[in-house]
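Order of listing sets the numbers, starting from 1, for every ligand and every atom in it.
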Amino acid sequence: MKDETKCLHSGYKPQNGGPGVMPIYQSTTFRFDSTAEIAAVFDDPTKAHIYSRFTNPTVDCVEKKIADLEHGIAAMCTTSGQASSLISILNIASSGDRILSTSAIYGGTVNLFSITLKKFGITVDFIDIDSNEDEIEKMIMPNTKAIFGETLTNPSLQIFDIEKFANVAHRNNIPLIVDNTFATPILCKPIDFGADIVIHSTTKYMDGHALQVGGVIVDSGKFDFTCGKFPDFTTPDESYHGTIYAKDYPNCPYIIKARMQLMRDFGCYPSGMSGFLLNLGLETMHLRMERYCKNGLSLAEFFKNHEKIESVNYPGLKTDKYYNLAQKYLPKGTSGVMSVTIKGGKQEAIKFMDKLKLASKEVHVADIRTCVLHPASATHRQLTDKQLADCGINPGLVRVSVGLENIEDIIEDFRQALA
Ligand SMILES: *Cc1c(COP(=O)(O)O)cnc(C)c1O
């Protein structure tokens with residue numbers, strides 16, 4: 001099936017006489033006729049649902065749909081994008097290990113990587129997104145367990161050259177993890193370019209309506225965890241009656257381990273109602289992405305020609321530094337997010353934002369309604385000046401997320417605010 005069809009039909013197949021829409025299983029638990037049957041599910045949790053801390057039938061349908069859209073083999077939802085980032089790493093790295101990440105990533109991920117993971121004993125090394133293969137290779141240590149990057153970086157809108165980083169990762173027998181939040185599988189499927197694990201903050205375009213925070217981790221099923229670097233996959237898990245993930249679940253050991261071990265212990269799993277709402281967003285995602293890209297390009301062109309704007313980052317513009325990479329990885333468009341630098345720095349940027357009438361000032365992005373944010377005073381507020389510069393953020397930078405309003409109304413609002 002093509003993406004438009006998958007958005008509507010993947011994951012849930014109505015039975016004869018059954019509900020046409022995926023039902024909400026809002027139940028913590030599931031009943032069995034015998035103790036033996038419950039024991040059997042404990043032995044092999046892929047057999048049935050037992051408890052909604054780590055699986056739920058409604059969420060399961062959404063997971064299958066997202067895995068299908070991303071060309072993955074399995075997926076696991078989480079209660080936030082942050083939880084997905086955390087679990088995607090903890091599933092393969094533990095105390096004493098390292099991760100290599102590009103420095104241009106979401107501010108919350110920078111904090112997680114540089115502060116919190118350090119307390120877990122995991123060191124994250126940061127590298128410039130534009131580094132060449134030799135420079136990337138030099139940063140890989142014997143205990144480096146994965147490379148991490150964002151397809152379209154938040155908020156600097158740089159493009160992660162997935163194939164380049166995948167080549168280095170695979171030469172070193174480690175997986176590439178890609179945060180595909182801004183692109184969504186409609187605009188880019190990182191697994192097709194060599195990514196092994198894909199994560200999302202579903203809070204953004206997937207949910208699409210600014211209704212609920214959520215995340216997902218997708219396993220390509222392609223990485224060979226028996227390569228010698230990942231003993232947690234090839235030796236018995238004592239906390240799960242000796243399961244050897246790579247041997248007992250050879251098709252998708254990564255997601256099975258994330259669910260049976262980490263989700264069991266952390267319990268950040270969405271409810272049936274949450275799965276239902278996320279699915280509503282997914283059903284129209286392909287239509288919305290098309291319009292975001294169209295409105296985004298029109299607005300970026302307006303900014304580009306405005307005398308009060310110093311620069312625009314939008315890889316869909318022919319003049320953008322990342323235009324060629326965008327043509328390769330996101331040929332259908334580069335989403336509705338852009339960042340603009342207002343002449344005059346921070347004061348002028350804030351003044352401009354406060355004059356907007358239609359566009360809302362809020363801590364969100366990829367909302368159905370046009371919204372703006374000043375990263376240096378909000379999402380990236382906790383970063384040092386050096387970290388800000390590494391993330392591609394200057395004091396006059398405003399992140400603009402174009403919505404689905406009529407583009408003439410959107411442009412008119414920005415025109416009057418700039419005036
Ligand atoms: C928002 C965001 C996150 C964090 O997701 P939450 O759902 O807010 O926890 C991670 N990565 C990117 C690229 C994001 O935009």
Atom indices of ligand 1, in the order listed, that fall short of 4.0 Å to a heavy atom of Val213 = 7 (O)
Does ligand 1 have an atom that lies less than 4.0 angstrom from a heavy atom of Ser84?
-> no
Phe233 six-ring face occupied by Lys257 cation (under 6.0 Å, within 45°) | yes
Of all protein heavy atoms, the one nearest atom 6 (P) of ligand 1 is Gly81 N, 3.4 Å
Pair Glu307 + Lys343: basic N to acidic O under 4.0 Å = no
Against heavy atoms of Phe182, which atoms of ligand 1 measure under 4.0 Å?
-> 15 (O)
Distance to 0.1 Å, residue and atom name: give those for the protein heavy atom nearest to atom 7 (O) of ligand 1.
-> Thr203 OG1, 2.6 Å
Any ion pair linking Lys328 and Glu163 (charged N to carboxylate O, less than 4.0 Å)?
-> yes
Consider every N or O of Gln82 and every N or O of ligand 1, then say whether any pair is closer than 3.5 Å.
-> yes
Aromatic contact, Tyr51 with Phe30 (centres under 6.0 Å) = no
Considering the heavy atoms of Glu150, write down every atom of ligand 1 situated less than 4.0 Å from one of them.
-> 13 (C)
re atom 11 (N) of ligand 1, the protein heavy-atom contact at minimum distance is Asp179 OD2, 2.7 Å
Tell me: protein heavy atom nearest atom 1 (C) of ligand 1, and distance?
-> Lys204 NZ, 1.5 Å
List the closest protein heavy-atom neighbour of atom 4 (C) of ligand 1: residue, atom name, distance to the nearest 0.1 Å.
-> Tyr106 CE2, 3.4 Å
Checking Thr284, Leu69, Leu287 against Cys7 for side-chain contact (heavy atoms from CB on, under 4.5 Å), the one that qualifies is Leu69
Presence of salt bridge, Lys6 and Asp68, under 4.0 angstrom | yes
List the steps and the verdict of side-chain hydrogen bond (donor to acceptor under 3.5 Å, both in side chains) for Tyr245 and Asp237.
-> CA-CA 8 Å; Tyr245 296 104; Asp237 177 357; 2.5 Å; yes
For Arg288, salt bridge (charged side-chain N to carboxylate O under 4.0 Å, His left out) partners two or more places apart | none
Which atoms of ligand 1 sit under 4.0 Å from any heavy atom of Gly214?
-> 7 (O)
